[in-house]
Amino acid sequence: MLVLSFTTGLVDAVSVLGLGKVFTANMTGNIVFLGFAVAGAPGFAVAPYLAALASFLLGALLAGRLGVAHREKPLRQWLLRSALIEVALLWIAAALALDYDVASLSPAPRLFAIIALTGIAMGYRNGTVRQLKVPDLTTTVLTLTLTGLAADSHFARGTNPNWGRRMAAVGVLFLGALAGGVLVLQFGLALPLAITGAVILAATIACSAHPDMEKAP
C-alpha cells in the first residue's frame, strides 16, 4: 500500500505538470478547478476536468464490479487481476505520451486520451483499495491521514494510533511527487508512466506471495 502511495505521487506529477493542471488521482482538486473554469478563471478549462471526473468514476465502477465478482475467490487472484488492469492502462498511456508535447498540451486527442486512461486507472485503484479497508492508507489522498496525525496525537490527548503508518504515507507520497516531478521535467510523461506501471506490477506480485493471499477478501 505504501508503494502504491509512492506511485500516486508519480501519477500526480504527470497529470498536474503534463496535462494542464488536471488531477487524475485526486478528484477533490478537479471539483475545485472545475468551479474555477466555470467561473471563467484564466488557465482553467471545463473539458479536461469533466474528462478526468468521468474516467475516474468509470474506473471506480469497474473496480466495484470486479471486487464483487471475486468476493469468494482468493485475494491473490483479485489483486493480480486488478494490478494487470491498472498497469495496462498506464502503459497504454505511456505509449501515447511518446508523441505528446507537454509545453503546448498537444495534440489534444492524446491529451484527453492520457487523462482518460490514467483517470480510469486511478479510479480503479481507489475502488479496489476502498474494498481492502486498510486504515490510513488510501494510497491517493492524505487529508484524513494528516487530520488523524494531529487530532489523535498526544498533544490532543489522544493515543496517537498508527502514527508510523500515517507518517510513512505522507513521506512516500511526497517522494513520489518529487521523483515524478524530476522525471516529467527532464524526460516528459512516457517514462514516469512506464515506471509507475512497472512498480505497481512488481509490488503486487511480491505481495501476492504472502500466504494470506490465498484467503478470500
Side-chain angles (χ1 to χ4, degrees), residues 1-16 18-19 22-31 48-97 110-134 136-144 169 172-173 176-177 180 189-190 192-208 213 216-217:
M1 298 291 279
L2 288 172
V3 171
L4 292 181
S5 298
F6 174 83
T7 63
T8 295
L10 293 172
V11 173
D12 279 342
V14 167
S15 62
V16 175
L19 302 177
V22 175
F23 284 102
T24 56
N26 179 3
M27 293 300 108
T28 303
N30 285 336
I31 295 294
Y49 302 119
L50 290 179
L53 288 164
S55 58
F56 185 91
L57 289 171
L58 175 59
L61 186 153
L62 295 173
R65 290 183 66 89
L66 191 68
V68 171
H70 285 76
R71 191 163 288 168
E72 305 300 326
K73 299 177 181 179
L75 184 58
R76 173 184 290 114
Q77 185 181 108
W78 175 35
L79 294 184
L80 283 173
R81 287 184 177 177
S82 295
L84 288 173
I85 291 170
E86 186 177 342
V87 170
L89 291 165
L90 292 170
W91 281 352
I92 294 170
L96 291 175
R110 288 185 182 263
L111 166 66
F112 282 96
I114 297 168
I115 289 174
L117 289 164
T118 56
I120 294 171
M122 292 298 100
Y124 194 95
R125 156 91 64 85
N126 275 264
T128 301
V129 168
R130 181 175 181 273
Q131 295 173 77
L132 293 174
K133 299 177 182 178
V134 179
D136 300 307
L137 281 178
T138 66
T139 77
T140 54
V141 293
L142 292 177
T143 302
L144 290 178
V172 295
L173 187 57
L189 305 188
L193 286 170
I195 290 174
T196 299
V199 171
I200 291 168
L201 185 59
T204 307
I205 291 173
C207 178
S208 69
M213 293 296 105

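- Taken to the nearest 0.5 Å, the CG atom of L189 stands 5.5 Å off from the CD1 atom of I114.
- Taking CD1 from I115 and CZ from R110, the interatomic distance works out to 14.0 Å, rounded to the nearest 0.5 Å.
- Across all non-hydrogen atoms, the minimal contact from I205 to S208 is O-OG, 2.7 Å.
- There is no side-chain donor-acceptor pair under 3.5 Å between R125 and S82.
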Between F6 and L173, is a side-chain contact (heavy atoms from CB on, under 4.5 Å) present by the stated rule, with each step listed?
CA-CA 5 Å; F6 174 83; L173 187 57; over 6 Å; no
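- At least one donor-acceptor pair closer than 3.5 Å links the side chain of S15 to the backbone N or O of V22.
- Side-chain atoms of W91 come within 3.5 Å of backbone N or O of A194 as a donor-acceptor pair.
- For the residue pair L90 and L193, the shortest heavy atom distance occurs at O-CB, 4.0 Å.
- Minimum interatomic distance between S55 and G119 (heavy atoms only, all atoms of both residues): OG-CA, 3.5 Å.
- Here the closest heavy-atom approach between residue E86 and residue I200 is recorded as OE2-CD1, 3.1 Å.
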Pair V87-T196, side-chain contact (heavy atoms from CB on, under 4.5 Å): steps then yes or no:
CA-CA 8 Å; V87 170; T196 299; over 6 Å; no
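- Nearest heavy-atom pair, T24 versus F56, reported as atom, atom and distance to 0.1 Å: O-CD1, 3.7 Å.
- Put simply, the side chain of N30 never gets that close to the backbone of Y49: no donor and acceptor are under 3.5 Å apart.
- Looking at Q131, its side chain does come within 3.5 Å of a backbone N or O of G127 through a donor-acceptor pair.
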side-chain contact (heavy atoms from CB on, under 4.5 Å) evaluation trace for L132 with W78:
CA-CA 11 Å; L132 293 174; W78 175 35; 3.7 Å; yes
With side-chain contact (heavy atoms from CB on, under 4.5 Å) as the test, would you mind laying out the steps for T128 and L79 before giving the verdict?
CA-CA 8 Å; T128 301; L79 294 184; 4.3 Å; yes
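- With rounding to the nearest 0.5 Å, the separation of CG in N26 from OG1 in T8 is 9.5 Å.
- The side-chain heavy atoms of I195 and T7, taken from C-beta on, include no pair separated by under 4.5 Å.
- Taking CZ of F112 as the start and CG of L19 as the end, the distance is 10.0 Å to the nearest 0.5 Å.
- Annotation for L58 and I120: closest pair CD2-CD1, 3.9 Å, computed over non-hydrogen atoms.
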